[in-house]
Amino acid sequence: MKATPKIAVGICSSISVYRSCEIIRIFQKNGCDVHAVMTKNASLLISPLLLTALTGHVVRIDSFEEEPSDKIDHIVLAKTIELLVIAPATANMLGKLASGIADDFLSTLFLAVECPVLIAPAMNEAMYLNKQTQENIKRLKSHGVRFVDPEKGYLACKDEGWGRLASSGRIASQGMYMLDQSISLKGRAVLITAGPTREFMDPVRYLTNRSSGKMGFELAREALRRGADVTLISGPTDLFPPRKAGFIAVTTAEEMEYAVLKNAKKADIVIMAAAVSDYSFAKKSTAKIKKSDSEKTVELVQTNDILKNLGRRKGDKILVGFAAETENVRNNALKKIEDKNIDLIIANDVSEEGIGFNSDDNKVSIIYPDGRTIQTEKKSKTEISQEILNAIEGIIGQRS
Ligand code: PMT
């Protein structure tokens, strides 16, 4: 976090809108330079002039009401803030954000930011508990957005129930925690592998697996959000690499080994989420192997175990492996920790539907060498990445 972190507070048209002034003040007292963004309806409830006076910056409401300029204001703001807080957030705004609708300054800013986002909803209880609202919140959480849940109490509509904006102190302290976390890996070089490898039998046929790369790519995104210097080495996938990561594309296990060993030298943390093939073909034909009338047997040879190799010369590095298992998940994972001399293993039961290979979600056991285990729920790979990086930061904390 910079000495004076620049943040934006987005304000929607809930009755609790008056509390946004207090939230802004607490962030300012914590040393933040706050920029306010309002929806048009929020500006009917409290005066933008009040927020301009409070923040010392012109309040943004509508992208098309700005003075003509060669700069695109929401992009400039998106690139320069370290945190976006939306408090209060209405059901309408949650729906827009969850669907990618960008039709005003705040929703456009949300799509453009790469910094962490914190949302504090406030609305009537029936609207908050409405299935659609809950689905929108779940979706946003699965994309890495954090929430300060509303509290139960007396609501503006005279109902008693869930939906009251969380206390200003809770919102600000969660925001400050996220600002701290946004630099928690600053200065650390993190090497992450992702995706499958392909082992060629001839120019057109290969041995591979079902890895999509999603787990490794999400880990890279989360490490970037925490300020790390990230190198992502990936086998073939359909994914766009995170913008700020150094990206190395490889195809075979041998290429992955070369790239990892070369880049691991400068890494403080290595996370091997790639599904590296354990075998390759003993003979690789340079021409397409022709069909014949007889059965064919091919010989497979073991590939080098990249992680085990790193474990032999570990030094101060933190090494994290994954274990993709279909049976005896815990025991097999524990054996891998010892065999590869690593600090943490992330075990996933890849026989379970909806998690592991090629899914958006995962459910993992984060296992330490002494057997301590953190068992996660089934969550998006973005949220699983947060838990894995929290565990890694715990190891860093113990060492320092
Ligand atoms: O890519 P996704 O679709 O998102 O799926 C995610 C995943 C299921 C691929 C991921 O969560 C996962 O489990 N990755 C590791 C898969 C694997 O190869 O597991 P393993 O148990 O065979 O290997 C153990 C560890 O050794 C892994 O960290 C692996 O990267 C590493 N290894 C394996 C073989 C080899 N030759 N060299 C290695 O370094």
Side-chain angles (χ1 to χ4, degrees), residues 78 82-86 89 94 97-100 110-121 134-149 174-175 177-185 190-195 210-228 230-232 234 237-245 247 269 271-275 320 322 324 344 346-350 352 354-366 374-394:
E82 291 172 57
L83 177 72
L84 170 61
V85 181
I86 305 181
L94 293 175
L97 303 183
S99 333
F110 172 80
L111 271 194
V113 292
E114 287 176 297
C115 67
V117 180
L118 176 65
I119 296 183
Q134 289 301 315
E135 273 171 30
N136 291 337
I137 292 173
K138 194 170 168 212
R139 183 145 203 223
L140 288 163
K141 279 186 181 170
S142 78
H143 293 175
V145 174
R146 310 271 181 98
F147 277 76
V148 182
D149 295 333
Q174 176 65 18
Y177 167 77
M178 287 168 69
L179 276 170
D180 280 343
Q181 202 178 53
S182 69
I183 50 150
S184 53
L185 289 175
V190 181
L191 172 59
I192 298 169
T193 66
R210 292 169 43 229
S211 171
S212 62
K214 288 177 188 170
M215 190 69 247
F217 278 55
E218 285 311 318
L219 279 161
R221 285 203 175 86
E222 184 58 25
L224 284 168
R225 274 194 284 269
R226 294 176 187 221
V230 177
T231 303
L232 175 62
S234 178
T237 75
D238 295 332
L239 307 174
F240 287 110
R243 266 192 344 107
K244 289 180 182 157
F247 182 68
I269 301 165
I271 311 175
M272 291 283 300
V320 180
F322 271 73
L344 212 54
I346 318 301
N348 36 197
D349 183 345
V350 290
E352 225 180 290
I355 62 163
F357 285 106
N358 200 20
S359 59
D360 292 333
D361 296 332
N362 210 352
K363 181 177 147 198
V364 302
S365 308
I366 302 172
I374 300 167
Q375 180 59 56
T376 75
E377 303 285 313
K378 179 179 169 187
K379 294 178 182 182
S380 70
K381 285 180 176 168
T382 312
E383 293 165 285
I384 294 288
S385 301
Q386 290 167 354
E387 297 218 23
I388 294 171
L389 283 159
N390 287 346
I392 293 173
E393 285 188 17

| request: Could you give me the CA-CA distance, side-chain angles and deciding distance for Met178 and Gln174, then say whether side chain to side chain contact (heavy atoms under 4.5 Å, CB included) is met? | output: CA-CA 6 Å; Met178 287 168 69; Gln174 176 65 18; 3.7 Å; yes
| said: Less than 4.0 angstrom from a charged side-chain N to a carboxylate O is my criterion; do Arg221 and Glu218 meet it? | reply: yes
| task | Check Ile119 against Ala89 and note the closest heavy-atom contact, atom names and distance. | result | CG2-CB, 3.5 Å
| Side-chain heavy atoms of Lys244 within contact of Val230, under 4.5 Å | no
| message | Using side-chain heavy atoms (C-beta onward) and a distance below 4.5 Å, is Pro116 in contact with Leu83? | response | yes
| message | Less than 4.5 Å apart, side chain to side chain, heavy atoms only: is that true for Leu232 and Pro242? | response | yes
| So, do Ile346 and Asn362 sit near enough that their side-chain heavy atoms are less than 4.5 Å apart? | no
| Closest non-hydrogen atom pair between Gly213 and Thr237, with its separation | CA-CG2, 3.9 Å
| query | Is there side-chain contact between Ile392 and Arg226, with at least one heavy-atom pair below 4.5 Å? | reply | no
| said: Quick one, Pro241 and Phe217 - any side-chain contact, counting heavy atoms below 4.5 Å? | reply: yes
| note | One should read off an interatomic distance between Leu118 CG and Leu179 CG, to the nearest 0.5 angstrom, of 9.5 Å
| message | Could you check whether Thr376 and Glu387, counting side-chain N and O atoms only, form a donor-acceptor pair closer than 3.5 Å? | response | no
| Distance in Å, Lys138 NZ paired with Ser380 OG, rounded so as to fall on 0.5 Å steps | 10.0 Å
| query | When rounded to the nearest 0.5 angstrom, what distance separates CG in Leu344 from CD1 in Ile269? | reply | 11.0 Å
| message | How close do Arg146 and Gln386 get, counting heavy atoms only, and between which atoms? | response | NE-NE2, 3.5 Å
| task | Might you point out which heavy atoms bring Val350 and Ala324 nearest each other, and give the distance in Å? | result | CG1-CB, 3.9 Å
| request: Any chance you could lay out the side-chain hydrogen bond (donor to acceptor under 3.5 Å, both in side chains) test for Ser184 and Glu393, step after step, and finish with the verdict? | output: CA-CA 8 Å; Ser184 53; Glu393 285 188 17; 2.6 Å; yes
| task | Evaluate the side chain to side chain contact (heavy atoms under 4.5 Å, CB included) criterion for residues Ser142 and Lys379: first the C-alpha distance (whole Å), next the side-chain angles of each, then the deciding distance (0.1 Å), finally the verdict. | result | CA-CA 7 Å; Ser142 78; Lys379 294 178 182 182; over 6 Å; no
| Between the main-chain N or O of Gln375 and the side-chain N or O of Ser365, is there a donor-acceptor pair closer than 3.5 Å? | no
| query | For the atom pair CG (Leu239) and NZ (Lys214), what is the distance rounded to the nearest 0.5 Å? | reply | 7.5 Å
| message | For the backbone of Gly144 and the side chain of Thr382, can you confirm whether one donor and one acceptor N or O come within less than 3.5 Å of each other? | response | no
| note | Heavy-atom nearest pair, Ile192 first then Gly216, reads CG2-O, 3.5 Å
| remark: Heavy atoms of Cys115 and Leu84 approach each other most closely as SG-N, 3.8 Å
| task | Take Asn390 and Gln181 through the side chain to side chain contact (heavy atoms under 4.5 Å, CB included) test and state the conclusion after the steps. | result | CA-CA 10 Å; Asn390 287 346; Gln181 202 178 53; 3.4 Å; yes
| said: Could you tell me if the side chain of Arg243 sits less than 4.5 Å from the side chain of Leu224, heavy atoms only? | reply: no
| About how many Å separate CD of Glu377 and CD1 of Ile384, when rounded to the nearest 0.5 Å? | 9.0 Å
| said: Looking at Gly356, is its backbone amide N or carbonyl O close enough to the side chain of Lys381 to form a donor-acceptor pair, meaning the two atoms are under 3.5 Å apart? | reply: yes
| Side-chain contact, heavy-atom cut-off 4.5 Å: Ile388 with Ile366? | yes
| Only one of Leu97, Leu94, Asp149 forms a side-chain contact (heavy atoms from CB on, under 4.5 Å) with Ile137, so which one is it? | Leu94
